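Contents: one structure, followed by commentary.
Keep in mind the model is a prediction, meaning the values are calculated, not measured.
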Amino acid sequence: MVLRKVKVGSCKEQFFINYFKYVLNIVKDLIKYGYQQVQKEEVQMLGGIDIGTTGCKITIYDEEGRYCYRAYHDYPVSRTMGEHEVDAADIWDGIKYVLKDAAKHYPEIKAIGISSFGESFVMLEQNDKVLCPVMLYTDPRGVSECRTLADALGADRIEEIIGTAPHSMYSLPKIMWRKKNQPDQFAKAKRILLMQDYIIYMLTGNAVIDYSLAARSMAFDIKNYRWSDLILEEAGIPKELFSKPVISGTPAGTIKKKLASELGLKGETLIVPVAHDQVSAAIGAGVYEPECAVDGAGTVECITPVFEGIPTGGALREGKYAVIPFVLPGKYVTYAFTYTGGALISWFVHQMAKEELALAKEQGRSVYEILEQDVKDEPTGILVLPHFAGAGTPYMDVGSEGAVIGLTLAHTTADLYRAMMEGVVYEMRLNLEHLAKDGICPKKLRATGGGASSRIWMQMKADILNIPVISLGSAEAGAAGSAMMAGIASGVFSGLEEASQVMVKEKETYYPRVDKYQAYEAHYQRYKKLYEAVRPLVSYK
């Protein structure tokens, strides 16, 4: 073959050369664009929606577990002396807002898992119009109705069915209050939904609720996984008004086409009921077996252990712990909590550490960083009863109040800051010791939430509780759990094991130190007497 040198001076030859380069560039672009499109189509996006009392959010992850985007929208809550309410329409508008925001960046979301706060319910009439405001769990109405129901069936019998002691915070007593005091409104009700199934119904037209959220109603049989005919008949509430209970991760359907178009979502996005928010956090923390529990270090400090079957020893009942169905058949969780975890630390910082706040602003640093640089790695000797918003488990005493004992003139702001942390951890150790009476003994904790970023607090927990504490370094465990279940339901993950391997990221493990555990022990033994000593002093409540 003879190669001839081409003289490019002629117009004809230059035309062919330029044309060849032009075609070659088009081919390159087509290959590059096609490859990018294939890559884009191969990456499947998953969403987790978390519906809270004062706001909702969606967090988007890719199939490799990478965080991609987050959208949040808050809504107003009304609290008066006699009513604590939120407007269901505001919640629905908030959900549409975050979905539309996320769709601007990721229009092709394969599946979205839904988790929510519990207890509160929505009543809808025939045309899906909201009949009345949503009563929050703190709303004082329903006390008389709860007592009437407990007297009729017996509190022990109710607890045996629903897994928790009767209480006016749950849905059913408040539904009874609506029927008794607003009979005309109640007569129009065609559906009664909690927050998760309300949003699922509005998105898909199908009313389904997962077992763990149904258990927050005080009308769900946790052994047989169905609405309790006995309780609902005595309460006078038709079972047909409630959503269909399903195991967590059961696909509810795809978003309505017209709504998807309105929100900017492309394709058929699958909607998946996940769990009550604390259960969702356990999923997102990779907690599936009895040897592990999740420590939700947020506004409320909550330890959620997993266990097989329903304990029969009586310690859970004595401590007023709720038993809630988990995502795996035959497994349950409970909530050991104090109302003021991170909330107590935040209160202290903003009310008592004003000098440090000013310094942080001046230096452009975190106030927590400034406080923690002066904290000594040893017990303060100060005892803080963290009941600044009442007592959680094992007391469930709304009349209890906070207390600080053992202050001297030698103590500093940093000492008090550390003492607030100690009080929360002492309270959680008290809870773990109570749970151990029923054989619930987690050997390690996975910590999530804002508090998990504090190295001092994490090490303190390991030392006082005498178990390893693994920081996941994320405040999004609930959203991650919802995205994981959405991924399983849509076939992205084969099951919890694969989803956990992909989505759960361990940041750092804190191991207990023998000398520090022994140093805290004497102070903890003093702390165990604190509630009984302080409570009579606020007995006027």
_Partners passing ring pair (Phe, Tyr, Trp, His ring centres under 6.0 Å) against Tyr335 (at least two apart in sequence or in another chain)_ = His276
_Working note: Glu159 + Lys320, criterion salt bridge (Lys or Arg N to Asp or Glu O under 4.0 Å); need CA distance, chi angles, decisive distance, verdict._
CA-CA 10 Å; Glu159 185 169 356; Lys320 302 177 179 62; over 6 Å; no
*Side chain proximity check, Leu99 to Ile49, heavy atoms < 4.5 angstrom*: yes
*Atom OH of Tyr97 with >12 non-hydrogen neighbours under 6.0 angstrom*: no
_Counting neighbours of NZ on Lys100 that are heavy atoms of other residues, nucleotides or ligands and sit closer than 6.0 Å, is the number greater than 12?_
no
_Among residues at least two apart in sequence or on other chains, which ones pass salt bridge (Lys or Arg N to Asp or Glu O under 4.0 Å) with Arg70?_
Glu476
*Atom NZ of Lys331: over 12 foreign heavy atoms under 6.0 Å*: yes
*Salt bridge or not for Glu291 and Lys443, using N-O below 4.0 Å?*
no
_Flag for Asp101-Tyr69: side-chain donor and acceptor within less than 3.5 Å_ = yes
*What residues form a salt bridge (Lys or Arg N to Asp or Glu O under 4.0 Å) with Glu372, not counting sequence neighbours?*
none
*Over 12 non-hydrogen atoms of neighbours within 6.0 angstrom of CD in Glu497*: no
*With Tyr72 via ring pair (Phe, Tyr, Trp, His ring centres under 6.0 Å) - residues at least two apart*: none
*Identify, with sequence neighbours excluded, every residue that meets side-chain hydrogen bond (donor to acceptor under 3.5 Å, both in side chains) alongside Glu506.*
Arg446
*Side-chain contact test, heavy atoms from C-beta onward, threshold under 4.5 Å: evaluate it for Tyr225 versus Phe220 and give yes or no.*
yes
_Enumerate the salt bridge (charged side-chain N to carboxylate O under 4.0 Å, His left out) contacts for residues 481-495, please, sequence neighbours excluded, ordered by first and then second residue._
none
*Please confirm whether the backbone N or O of Asp415 pairs with a side-chain atom of Thr412, one donor and one acceptor, at under 3.5 Å?*
yes
*Can you check whether Leu465 reaches Leu445 side chain to side chain, under 4.5 Å on heavy atoms?*
yes
*asked:* When you compare the side chains of Asp210 and Gln196, does any donor N or O come within less than 3.5 Å of an acceptor on the partner?
replied: yes
Only distances under 3.5 Å count here; give the side-chain donor-acceptor pairs of residues 479-496 to other protein atoms, sequence neighbours excluded, each with its distance to 0.1 Å.
unit_1: Ser482; atom_1: OG; unit_2: Ser115; atom_2: OG; d: 3.3
unit_1: Ser482; atom_1: OG; unit_2: Ser280; atom_2: OG; d: 3.2
unit_1: Ser482; atom_1: OG; unit_2: Gly478; atom_2: O; d: 3.3
unit_1: Ser490; atom_1: OG; unit_2: Ala486; atom_2: O; d: 2.8
unit_1: Ser490; atom_1: OG; unit_2: Gly487; atom_2: O; d: 3.3
unit_1: Ser494; atom_1: OG; unit_2: Glu498; atom_2: OE1; d: 2.7

*Go through the structure and list residues passing salt bridge (Lys or Arg N to Asp or Glu O under 4.0 Å) with Glu369, not counting sequence neighbours.*
Arg365
Side-chain donor-acceptor distances from residues 420-437 under 3.5 Å, at least two apart:
unit_1: Glu422; atom_1: OE1; unit_2: Thr380; atom_2: OG1; d: 2.8
unit_1: Glu422; atom_1: OE2; unit_2: Thr380; atom_2: N; d: 3.1
unit_1: Glu427; atom_1: OE1; unit_2: Tyr527; atom_2: OH; d: 2.4
unit_1: Glu427; atom_1: OE2; unit_2: His387; atom_2: NE2; d: 2.7
unit_1: Arg429; atom_1: NE; unit_2: Glu433; atom_2: OE2; d: 3.2
unit_1: Arg429; atom_1: NH1; unit_2: Ile464; atom_2: O; d: 3.4
unit_1: Arg429; atom_1: NH1; unit_2: Glu521; atom_2: OE1; d: 3.0
unit_1: Arg429; atom_1: NH2; unit_2: Tyr517; atom_2: OH; d: 3.4
unit_1: Arg429; atom_1: NH2; unit_2: Glu521; atom_2: OE1; d: 2.9
unit_1: Arg429; atom_1: NH2; unit_2: Glu521; atom_2: OE2; d: 3.4
unit_1: Asn431; atom_1: OD1; unit_2: Tyr321; atom_2: OH; d: 2.7
unit_1: Asn431; atom_1: OD1; unit_2: Thr393; atom_2: OG1; d: 2.7
unit_1: Asn431; atom_1: ND2; unit_2: Thr393; atom_2: O; d: 3.1
unit_1: Asn431; atom_1: ND2; unit_2: Glu427; atom_2: O; d: 2.9
unit_1: Glu433; atom_1: OE1; unit_2: Tyr524; atom_2: OH; d: 2.9
unit_1: His434; atom_1: NE2; unit_2: Ala315; atom_2: O; d: 3.2

*If we only count heavy atoms from C-beta on, is the Pro273 to Ile114 side-chain gap below 4.5 Å?*
no
_Exercise: do Tyr170 and Thr164 side chains pair donor with acceptor under 3.5 Å_ = yes
_Within this structure, what is the CD1-OG1 distance for the pair Ile303 and Thr334, rounded to the nearest 0.5 Å?_
11.5 Å
*By ring pair (Phe, Tyr, Trp, His ring centres under 6.0 Å) - contacts of Tyr339 (at least two apart)*: Phe337
*Side-chain contact test, heavy atoms from C-beta onward, threshold under 4.5 Å: evaluate it for Val287 versus Thr304 and give yes or no.*
no
*Taking the side chain as C-beta and beyond, is there a heavy-atom pair between Glu64 and Val43 under 4.5 Å?*
no
*Between Arg513 and Asp377, is there a side-chain N and carboxylate O pair less than 4.0 Å apart?*
yes
*Heavy-atom side-chain proximity of Asn466 to Asp463 below 4.5 angstrom*: no
*Scan side-chain atoms only and decide if Tyr106 and Glu108 contain a donor-acceptor pair under the 3.5 Å cut-off.*
no
_side chain to side chain contact (heavy atoms under 4.5 Å, CB included) involving Leu357 - partner list, sequence neighbours excluded_ = Val349, His350, Val367
*asked:* Holding to side chain to side chain contact (heavy atoms under 4.5 Å, CB included), I want the full list of residues that pass it with Tyr511, two or more places apart in sequence or in another chain.
replied: Pro468, Thr509
